[in-house]
Amino acid sequence: MNGQVPAENGECLQILNYGLGEEYKPHFDFFPPHMVDAGKGGQRVGTFLIYLNEVGEGGETVFSKAGLSIVPNKGSAIYFHYANEQGQLDRLSVHSSLPVKKGEKWAATKWIRERNIFQSY
């Protein structure tokens with residue numbers, strides 16, 4: 001990707017809420033290659049994650065294979081991509097959300113596809 005992503009390549013914004021003790025186990029945001037729907041924008045290639053509140057304790061986003069942990073702070077965001085221009089997927093993008101230990105966690109996620117999600121092929 002050249003850093004220029006058309007708005008039409010973005011999925012609808014998803015709002016996430018984690019209550020006390022809730023977490024999201026390690027996962028990839030891209031689809032298994034055999035399950036990619038070319039008619040719906042193709043493969044996911046990036047994630048934009050926006051933190052909407054201060055979490056009392058816990059709720060960090062962790063990239064275990066990359067050795068990175070991000071503390072959710074209201075108004076901060078992260079972007080990560082996991083496919084290069086040849087469509088090769090990066091296994092280092094596996095990530096999780098640690099359990100919320102105090103309070104709750106609100107976030108918004110925007111997934112980016114390789115092509116316009118509104119066009120059929």
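Below, all heavy atoms of this structure are taken into account, side chains as well, without hydrogens, waters or symmetry copies. Residue numbers run from 1 in the order of the sequence given.
At least one side-chain heavy atom of Glu114 sits under 4.5 Å from a side-chain heavy atom of Val45. With a 4.5 Å cut-off on side-chain heavy atoms, Asn9 and Asn116 count as touching.
Summarising the geometry of Gly59 relative to Pro72, their closest heavy-atom pair is O-CG, 3.6 Å, with the distance given to 0.1 Å. Tyr79 and Gly46 get closest at one heavy-atom pair: OH-CA, 3.8 Å. Closest approach of Gly21 to Pro99, counting heavy atoms only: O-CB, 3.9 Å.
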> Please walk me through it: do Trp111 and Asp29 pass side chain to side chain contact (heavy atoms under 4.5 Å, CB included)?
Replying inline: CA-CA 8 Å; Trp111 290 293; Asp29 286 349; 3.1 Å; yes
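Follow the hydrophobic side-chain contacts under 4.5 Å out from Leu16 and you reach Tyr24 in the same cluster. Hydrophobic clustering (side-chain heavy atoms under 4.5 Å, transitive across Ile, Leu, Val, Met, Phe, Trp, Tyr) groups Leu68 together with Phe28. Cluster membership check: Val100 does not share its hydrophobic cluster with Leu52, using side-chain heavy-atom separations under 4.5 Å among Ile, Leu, Val, Met, Phe, Trp and Tyr. In this structure, Ile15 is a member of the same hydrophobic cluster as Ile112, with clusters built from ILVMFWY side-chain heavy atoms closer than 4.5 Å.
The ring-ring contact (aromatic ring centres under 6.0 Å, His included) search around Phe31 returns none, not counting sequence neighbours. With sequence neighbours left out, the ring-ring contact (aromatic ring centres under 6.0 Å, His included) criterion links Phe63 to Phe80, His95. Under the side chain to side chain donor-acceptor pair (under 3.5 Å) criterion, Glu8 pairs with no residue, sequence neighbours left out. Taking the salt bridge (charged side-chain N to carboxylate O under 4.0 Å, His left out) definition, one finds that Lys25 meets it with Glu23, sequence neighbours left out. Take Gln88 and apply the side chain to side chain donor-acceptor pair (under 3.5 Å) test, not counting sequence neighbours, and it matches Asn84. In this structure Leu89 satisfies the side chain to side chain contact (heavy atoms under 4.5 Å, CB included) test together with Phe30, Pro33, Gln43, Ala83, sequence neighbours excluded.
A cation-pi arrangement is absent between Arg44 and Tyr82, since the terminal nitrogen or guanidinium carbon is not both under 6.0 Å from the aromatic centre and inside a 45° cone about the axis.
In this structure, OG1 on Thr109 lies 8.0 Å from CD1 on Ile50, to the nearest 0.5 angstrom.
Judged as a side-chain hydrogen bond (donor to acceptor under 3.5 Å, both in side chains), the pairs with a partner in residues 54-78 (not counting sequence neighbours) are, in order, Tyr51-Thr61. Residue pairs meeting the side-chain hydrogen bond (donor to acceptor under 3.5 Å, both in side chains) criterion with at least one member in residues 12-22, sequence neighbours excluded, are Asn17-Glu104.
Residues near Leu92 contribute nothing to a hydrophobic cluster around it, because no ILVMFWY side-chain heavy atom sits closer than 4.5 Å to its side chain. Connectivity analysis of hydrophobic side chains (ILVMFWY, heavy atoms under 4.5 Å, direct or indirect) links Leu98 to Val62.
Between the Arg113 side chain and the Lys40 main chain, a donor and an acceptor come within less than 3.5 Å of each other.
For the residue pair Lys110/Thr47, the side-chain donor-acceptor check at 3.5 Å is not satisfied.
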